[in-house]
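Shown next, in structure tokens, is the structure this report addresses.
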Amino acid sequence: VTAANTYLARNDEVAARLFEGEMIVLSPHGPTMFTLNEVASIIWQAADGSTSLHDIVVAKICAEYDVTLDEALADASQLADELARHGILLVSNEPIQPAAADGEGNGAA
Amino acid sequence: VLVVAIGGWPVRITANEPSFLDLINRRYANFVSHDAEDVKLALRVDLAESRRSEPDDRPDDDVRVVRQQGKWSIQRSDFQAVWNPNGQTACIRQTANPYSLDSLLRIVHTLALAGDGGVLLHAARVIRSRRAYLFAGLSGAGKSTIAGLTPADATLLTDEISFVRRNQDTYVAYGTPFTGEVNRSGSNDSAPLGAIYFLRHGRQNVLERADAGAASRLLLRHVLFFATEADLVRRVFNSVCDCVVKTPVYWLTFVPDARVWELIQ
């Protein structure tokens with residue numbers, strides 16, 4: 001599995017809110033809160049189930065920050081794995097259907 | 001029959017023991033309504049025999065709240081209750097102590113009013129100049145201390161649990177009868193929310209504005225909510241986030257004397 005065929009989608013059971021570039025995410029599996037930094041928040045918001053991780057990193061991270069593609073991909077992959085472990089992000093090697101990808105209240109507000 | 005209205009949500013209570021209704025009448029005296037119209041819930045209390053070895057009051061740690069086929073099953077070690085929101089009826093089986101009913105009412109209110117932007121918070125509440133001020137903090141942070149220092153021109157309404165509810169574009173704080181160390185029932189009135197203070201002890205009085213992200217994280221830790229359904233959790237989460245956007249939130253570091261109240265207005 002590579003970033004080119006890795007797709008991310010927000011868990012639609014998650015509650016999340018963006019405050020000044022910082023995303024607060026409430027886990028659906030218990031009273032656990034996550035605070036995503038600016039870059040992680042960008043990836044979270046772009047996780048629409050249909051855009052590959054590679055394309056997210058190229059368009060949203062490398063275009064805005066002084067970072068190499070390899071570094072950015074490594075960091076983004078690590079972040080995706082971590083959020084997936086907590087059940088707040090879905091990761092798949094094929095596009096994720098919209099029903100599971102985007103629900104009211106789980107994106108930026 | 002007794003009607004108790006907390007946060008503008010009237011509940012009609014009946015019991016198989018008149019003496020228990022008398023007890024509840026005294027406990028919720030400030031919240032007894034004489035208007036039987038628009039009752040949201042008819043609650044029947046079935047009293048069981050008390051087992052003397054068990055404490056009356058206990059934390060909500062072991063509470064279990066589950067919705068099955070449209071009805072809520074609410075259980076704690078000292079009571080069992082079923083609430084049918086569609087039929088607006090509920091029954092609770094408990095011993096003749098008021099704490100079980102306290103707990104059920106807290107839970108039912110959090111569930112029923114979650115959709116209206118209502119949240120119950122572990123926070124002391126004071127009204128001053130027609131504005132409500134909430135004081136939140138972890139155990140030992142000073143809620144009861146600052147409540148005990150309330151000046152003459154302010155009114156302490158509760159040192160334990162406050163109820164906040166959205167009213168169009170603002171948030172309003174309501175009194176609740178749920179008591180803390182002050183051990184007196186709160187006042188049954190409401191006021192627009194003026195500010196929220198997160199307390200911490202220090203060597204001098206300092207007020208610092210908290211940004212909305214930090215404020216929402218802090219306030220979420222003080223929310224009482226018992227269900228795990230994603231939709232309801234999201235509604236409560238959104239209410240808290242909206243509330244901190246519309247309400248000034250501060251860190252209040254204080255020394256325990258009355259001068260701290262110079263910062264609160």
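Just so we're on the same page: letters track the sequence lines, and every chain starts at 1.
- Around atom CD of Gln75(B), more than 12 heavy atoms belonging to other residues, nucleotides or ligands sit under 6.0 Å away.
- The contact between Asp211(B) and chain A is made entirely by side chain atoms (from C-beta outward), counting heavy-atom distances below 4.5 Å.
- In terms of heavy-atom pairs under 4.5 angstrom with chain A, the leader among Thr228(B), Val244(B), Val233(B), Leu220(B) is Leu220(B).
- Atom CD of Glu208(B) sits in a crowded spot, with more than 12 heavy atoms from other residues, nucleotides or ligands closer than 6.0 Å.
- The closest side-chain donor-acceptor pair between Asp102(B) and Tyr28(B) falls under 3.5 angstrom.
- Neither the backbone nor the side chain of Val236(B) comes within less than 4.5 Å of any heavy atom of chain A.
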For this session: Go through the steps to decide whether Arg85(A) and Asp81(A) satisfy the test salt bridge (charged side-chain N to carboxylate O under 4.0 Å, His left out), and finish with yes or no.
Result: CA-CA 6 Å; Arg85(A) 271 203 307 278; Asp81(A) 288 344; 5.9 Å; no

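- The choice from Cys241(B), Ser216(B), Ala230(B) that makes the most heavy-atom pairs within less than 4.5 Å of chain A is Cys241(B).
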